[in-house]
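Down below is the structure, laid out as structure tokens.
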Amino acid sequence: MRLRNNPEALDHLKDHDDIVYINPVGMKGKWRTCFSDQAAPLYIEIGMGKGDFIIENARRYPDINFIGMEKYTTVLDKALKKALREGMPKNLIFLKDDAVRLPELFETGELDRIYLNFSDPWPKSRHAKRRLTHPSFLELYKSALKKQGKMIFKTDNRNLFEYSLVTFANNGFVFEDVCLDLHHQEGYEDNIQTEYERKFSKNGPIYRLEVSVKGEENG
């Protein structure tokens with residue numbers, strides 16, 4: 001369920017422009033300058049929702065720089081409030097923007113990893129182009145990721161999972177790992193859950209894909 005719009009959310013985001021970037025201009029190729037360790041890997045979650053996943057990642061992995069990207073103002077404000085309330089990690093910033101603008105936001109090869117967690121499945125065939133694993137989006141990710149950079153995708157939607165298996169395979173990605181039941185399979189004990197994942201995993205399996213961009217070493 002989408003949150004009711006909060007008319008004060010945008011002003012609150014603007015009050016924290018040191019850690020929240022709203023439709024930024026001039027940051028392409030410069031995102032690492034936002035962090036004290038500019039040599040650290042740069043990971044982004046696209047569509048971070050209320051931020052549980054990306055905030056916990058930043059806490060758990062202080063040697064990695066994280067960007068939480070969310071296009072909905074009220075949702076992003078929820079994530080910001082959570083981070084401020086619990087202690088904003090120094091290796092995390094937020095970005096209010098849309099995935100379709102990745103080429104305008106990030107230089108070629110600027111990102112080391114992209115996370116897609118429980119994206120809208122857009123189940124109707126006529127809406128396929130809106131799926132974040134549609135080939136048109138995969139081209140944007142490939143450009144922003146360095147060669148052999150990784151994407152990690154989680155969903156509870158079987159149809160979207162099967163669709164994504166095909167699109168990743170046919171659009172320049174190599175499968176590193178495929179998991180058909182994330183919460184009941186050994187080897188994933190370090191999985192960080194999203195808010196959605198905690199609420200709805202009881203309804204069925206969570207599917208996970210780990211893929212990398214084709215490079216010289218993986219063909």
Side-chain angles (χ1 to χ4, degrees), residues 2 31 41-58 61 64-72 75-76 79 92 94-103 105-106 110-123 127-146 148-183 188 190-201 204-214:
R2 186 164 296 171
W31 288 101
L42 185 59
Y43 293 5
I44 187 171
E45 182 186 9
I46 296 175
M48 69 169 179
K50 297 178 184 178
D52 290 23
F53 176 85
I54 200 72
I55 294 169
E56 179 58 28
N57 264 282
Y61 303 106
I64 297 171
N65 294 328
F66 292 91
I67 299 175
M69 183 176 181
E70 174 58 55
K71 67 180 180 179
Y72 295 112
V75 179
L76 176 53
L92 172 64
F94 294 130
L95 169 59
K96 183 188 177 303
D97 222 307
D98 195 303
V100 298
R101 285 196 353 108
L102 282 177
L105 296 168
F106 294 96
E110 189 169 3
L111 296 172
D112 293 273
R113 182 173 296 183
I114 293 174
Y115 293 101
L116 293 179
N117 291 317
F118 303 95
S119 308
D120 192 327
W122 293 104
H127 293 152
K129 288 185 178 181
R130 300 183 185 183
R131 298 170 190 161
L132 290 184
T133 53
H134 184 272
S136 61
F137 280 105
L138 297 189
E139 289 303 310
L140 305 185
Y141 308 147
K142 280 197 299 183
S143 177
L145 281 167
K146 70 177 185 180
Q148 300 178 45
K150 290 185 177 182
M151 287 193 64
I152 297 178
F153 167 75
K154 292 196 290 187
T155 184
D156 63 340
N157 186 284
R158 177 82 184 198
N159 291 333
L160 179 61
F161 173 71
E162 293 176 348
Y163 170 87
S164 302
L165 282 171
V166 175
T167 58
F168 279 122
N170 292 339
N171 289 277
F173 289 87
V174 175
F175 290 105
E176 303 286 349
D177 185 72
V178 178
C179 180
L180 301 179
D181 194 352
L182 181 60
H183 292 183
Y188 300 93
D190 62 346
N191 174 57
I192 296 174
Q193 297 189 46
T194 71
E195 181 190 36
Y196 179 96
E197 188 173 354
R198 288 195 302 272
K199 286 183 178 179
F200 296 102
S201 60
I206 302 299
Y207 307 100
R208 181 185 185 274
L209 292 176
E210 183 174 333
V211 299
S212 61
V213 179
K214 284 184 178 179

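When reading the values below, keep in mind they use all heavy atoms of this one structure, side chains included, and skip hydrogens, waters and symmetry mates. Here, residue 1 is the first one in the sequence, and each next residue gets the next number.
Shortest non-hydrogen contact noted between Ser119 and Leu160 is O-CD2, 3.8 Å. The two residues Leu132 and Leu116 have their closest heavy-atom pair at O-CD1, 3.8 Å. Considering every non-hydrogen atom in both Asn171 and Leu138, the closest pair reads CB-CD1, 4.0 Å. Residue Asn117 comes nearest to Glu45 through the heavy atom pair ND2-OE2, 2.9 Å, listed as atom of the first residue, atom of the second, then distance. Minimum interatomic distance between Leu92 and Gly68 (heavy atoms only, all atoms of both residues): CD1-N, 4.1 Å. Smallest separation of non-hydrogen atoms from Gly49 and Ala79: O-CB, 3.8 Å.
A donor-acceptor contact under 3.5 angstrom links the side chains of Glu176 and Ser212, judged on distance only. A side-chain N or O of Asp156 and one of Tyr196 form a donor-acceptor pair less than 3.5 Å apart.
Classification of the Tyr141-Phe137 ring pair by plane angle, with boundaries at 30° and 60°, yields parallel.
Proximity of Arg130 to His134: side-chain heavy atoms (C-beta onward) are nowhere separated by under 4.5 Å. Looking at heavy atoms from C-beta onward, Tyr115 lies in side-chain contact with Arg113 at the 4.5 angstrom threshold. Looking at heavy atoms from C-beta onward, Lys150 lies out of side-chain contact with Val213 at the 4.5 angstrom threshold.
Taking Phe66 as the reference, Tyr43 meet the ring pair (Phe, Tyr, Trp, His ring centres under 6.0 Å) condition, with sequence neighbours excluded. Partners of Pro123 under the side chain to side chain contact (heavy atoms under 4.5 Å, CB included) rule, at least two apart in sequence or in another chain, are Pro121. Residues passing the salt bridge (charged side-chain N to carboxylate O under 4.0 Å, His left out) test with Lys142, sequence neighbours excluded: Glu139. Residues satisfying the side chain to side chain contact (heavy atoms under 4.5 Å, CB included) criterion with Phe175, sequence neighbours excluded, are Leu165, Phe168, Ala169, Val178, Leu209, Val211. The side chain to side chain contact (heavy atoms under 4.5 Å, CB included) check on Asn191 picks up Lys154, Leu182, His183, Gln193, Glu197, with sequence neighbours excluded. Remark: Tyr61 pairs with no residue by the ring pair (Phe, Tyr, Trp, His ring centres under 6.0 Å) rule, at least two apart or across chains. Residues satisfying the salt bridge (charged side-chain N to carboxylate O under 4.0 Å, His left out) criterion with Asp112, sequence neighbours excluded, are Arg32, Lys146. Contacts of His127 classified as ring pair (Phe, Tyr, Trp, His ring centres under 6.0 Å), with partners at least two apart in sequence or in another chain: Trp122. Partners of Tyr163 according to the ring pair (Phe, Tyr, Trp, His ring centres under 6.0 Å) rule, which considers only residues two or more places apart in sequence or in another chain, do not exist here. For Asp177, the side chain to side chain contact (heavy atoms under 4.5 Å, CB included) criterion is met by Cys179, Tyr188, Arg208, Glu210, not counting sequence neighbours.
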Show which side-chain atoms of residues 51-58 pair as donor or acceptor with protein atoms under 3.5 Å away, not counting sequence neighbours.
unit_1	atom_1	unit_2	atom_2	d
Asp52	OD2	Arg198	NH1	3.4
Asp52	OD2	Arg198	NH2	2.5
Asn57	ND2	Phe53	O	3.0

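For the atom pair Leu76 CG and Leu95 CG, the distance stands at 8.5 Å (nearest 0.5 Å). The CG atom of Leu111 sits 10.0 Å away from atom CG of Leu105, with the distance rounded to the nearest 0.5 Å.
The only member of Ile67, Leu140, Leu145 that meets side chain to side chain contact (heavy atoms under 4.5 Å, CB included) when paired with Phe106 is Ile67.
Not a single donor-acceptor pair under 3.5 Å links the side chain of Thr155 to the backbone N or O of Phe161. With hydrogens and angles ignored, the 3.5 Å screen pairs a side-chain donor or acceptor of Glu110 with a backbone N or O of Trp31.
Listed by first and then second residue, the salt bridge (Lys or Arg N to Asp or Glu O under 4.0 Å) pairs that reach into residues 158-175 are Arg158-Glu162, sequence neighbours excluded.
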Item to check | Criterion side chain to side chain contact (heavy atoms under 4.5 Å, CB included) on Phe173 and Met151, from CA distance to verdict | outcome: CA-CA 9 Å; Phe173 289 87; Met151 287 193 64; 3.9 Å; yes
